[in-house]
Structures are given as structure tokens and as C-alpha cells.
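First comes the structure, then the notes that go with it.
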Amino acid sequence: MDIRNAAEVQVSQETRFSKNTLYQNGKSTAFVLNFLPGQSLPPHPHSNAHVYLFVIEGTGTCTN
């Protein structure tokens, strides 16, 4: 397994949020979402999946 530092993929884009994969193996995926103030991700389902959120820096709102 490759071990990566989340800081390596903390890259923001002015036009939209960015998604960078840290780890993927079989059905498991870990990724970093980078948002600038005012950017958002539309609500969407994750059927048959467990989603864990960990905020590295800043604040935000998550709804389900």
C-alpha cells in the first residue's frame, strides 16, 4: 500500500472544487475534496456505501 500525505493533494481551483485520490483498492477509496469559500458539492446519494468525512482545514456544512 502506498502511503500519501493529504497535504500533497490539497490543491484548490478557482472555478470549482477539486477531487484528488489518496488511495484506491477494490471497493475502498480515500480522496481529498478541496473547496474555496463559496464552492459546494451538490447533494448526491452513495447507495450501499459508507462515507466518512474528515475536515483538515476550515469549516463547512454537511447535510444528508
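Sequential numbering from 1 along the given sequence is applied to the chain's residues. Heavy-atom basis, side chains included; hydrogens, waters and symmetry copies ignored.
The ring-ring contact (aromatic ring centres under 6.0 Å, His included) search around Phe31 returns none, not counting sequence neighbours. A search for ring-ring contact (aromatic ring centres under 6.0 Å, His included) contacts involving His46 returns His44, not counting sequence neighbours.
The CD atom of Gln24 sits 4.0 Å away from atom OG1 of Thr29, with the distance rounded to the nearest 0.5 Å.
Gln39 places a side-chain N or O within donor-acceptor distance of the main-chain N or O of Gln13, the cut-off being under 3.5 Å.
Side-chain contact between Asn20 and Leu22 is absent, with no heavy atoms from C-beta onward closer than 4.5 Å.
The minimum heavy-atom distance between Phe35 and Leu41, with the atom names listed, is CE2-N, 3.8 Å.
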